[in-house]
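Working notes for the structure below.
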Protein chains: 2
Amino acid sequence: MTTKQKISARLRFSKNLREARLRREWSQEDLAEESGLHRTYVGSVERGERNISIDNMECLANAVGVELIDLLK
Amino acid sequence: MTTKQKISARLRFSKNLREARLRREWSQEDLAEESGLHRTYVGSVERGERNISIDNMECLANAVGVELIDLLK
DNA sequence: GTGTGACTTCTAGTCCGTA
DNA sequence: ATACGGACTAGAAGTCACA
């Protein structure tokens with residue numbers, strides 16, 4: 001089976017999330033509190049290390065006040 | 001824990017995925033083979049039952065020939 | 001304030017079957 | 001062709017101590 005697993009979406013998401021957070025001048029800790037997720041988890045997501053699920057993507061998008069779609073561009 | 005978990009993105013994705021698949025006149029089995037995921041899993045994703053990860057979202061979007069963003073509208 | 005490794009818990013994801 | 005169930009394995013979720 002040719003599982004040509006791509007992770008470009010993951011990297012785009014992580015990059016855009018960090019940018020959106022910095023635009024708000026929030027620390028990772030701020031975003032963690034706002035989203036209800038853990039500080040170190042948010043950090044690892046921003047570094048593109050985590051294969052995040054759609055529910056948590058939506059959760060972070062809501063927290064940072066950006067449409068989920070825009071975090072994937 | 002006030003995890004006001006939203007799952008609207010998940011439901012949009014599942015609906016759009018099914019529509020995109022049917023537009024191609026593919027069975028779930030076809031999509032499963034094309035994406036490298038399991039047949040029963042694709043079915044449960046289309047039913048909105050699964051909290052799918054971003055890598056597999058991208059994988060399915062590629063398989064069905066649609067931009068990931070468009071599956072979230 | 002952020003990065004990292006290690007860790008446990010929980011669910012994503014597979015595979016078998018039946019309807 | 002699809003839904004659904006049970007049992008299983010891989011891997012995401014979530015936390016922590018320390019740098």
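Per chain, numbering begins at 1; letters A, B, ... match sequence-line order.
- Between A:S53 and D:dA13, a side-chain N or O to OP1/OP2 separation shorter than 4.0 Å is present.
- Annotation: of the two residues near DNA chain D, B:D30 and A:I52, the 5′-most nearest-nucleotide partner is B:D30.
- For D:dA13, one of the phosphate oxygens OP1 or OP2 lies less than 4.0 angstrom from a side-chain nitrogen or oxygen of A:N56.
- Closest approach to the A:Q28 side chain among D:dT2, C:dT2, C:dT4 is made by C:dT2 (side chain taken as heavy atoms from C-beta onward).
- Of the side-chain N and O atoms in A:N51, one or more sit less than 4.0 angstrom from OP1 or OP2 of D:dA12.
- As rounded to whole Å, 14 Å separates atom P of C:dG1 from atom CG of A:L22.
- No side-chain heavy atom of B:L68 sits less than 4.5 Å from a side-chain heavy atom of A:F13.
- Going from atom NE2 of A:H38 over to atom P of C:dC7 covers 17 Å, rounded to whole Å.
- In this structure, B:L17 places its CG atom 12 Å from P of D:dT2, rounding to the nearest Å.
- To the nearest angstrom, C1' of C:dA12 lies 13 Å from CD of B:E49.
- Taking 4.0 angstrom as the limit, B:R39 places none of its side-chain polar atoms (N or O) nearer than this to OP1 or OP2 of D:dT2.
- Closest to the B:R47 side chain, of the nucleotides D:dA3, C:dG3, C:dT2, is D:dA3.
- Spacing between atom CD of B:E46 and atom P of D:dC4 amounts to 12 Å, rounded to whole angstrom units.
- When distances are taken from the side chain of B:E29 to each of C:dT2, D:dA1, D:dA3, the shortest belongs to D:dA1.
- Within the 3.5 Å criterion, the main-chain N or O of B:L72 finds a donor-acceptor partner in the side chain of B:R12.
- Rounded to an integer number of Å, the gap from CD of A:E33 to C1' of C:dG1 is 15 Å.
- In this structure, B:L31 atom CG and D:dT2 atom C1' are separated by 13 Å, rounded to whole Å.
- For D:dA13, one of the phosphate oxygens OP1 or OP2 lies less than 4.0 angstrom from a side-chain nitrogen or oxygen of A:Y41.
- Remark: side-chain polar atoms of B:E58 are paired, donor with acceptor, to backbone N or O of A:A9 under 3.5 angstrom.
- Using a distance-only test at 3.5 Å, with no hydrogens or angles considered, no donor-acceptor pair links the side chain of A:N51 to the main chain of B:S53.
- In this structure, of D:dT2, C:dG3, D:dG14, it is D:dG14 that holds the atom nearest to the side chain of A:L37.
- Note on A:R50: every side-chain N or O is 4.0 Å or more away from OP1 and OP2 of D:dA13.
- Atom CD of B:E49 has more than 12 heavy atoms from other residues, nucleotides or ligands within 6.0 Å.
- Rounded to whole Å, the distance from CD1 on A:I54 to C1' on D:dA13 is 16 Å.
- Side chain of B:R21 to backbone of B:W26: a donor-acceptor contact under 3.5 angstrom is found.
- Between A:R21 and the phosphate of C:dT2, there is a side-chain N or O to OP1/OP2 separation shorter than 4.0 Å.
- Distances from the side chain of A:T40 to the nucleotides C:dG17, C:dT2, D:dT15 place D:dT15 closest.
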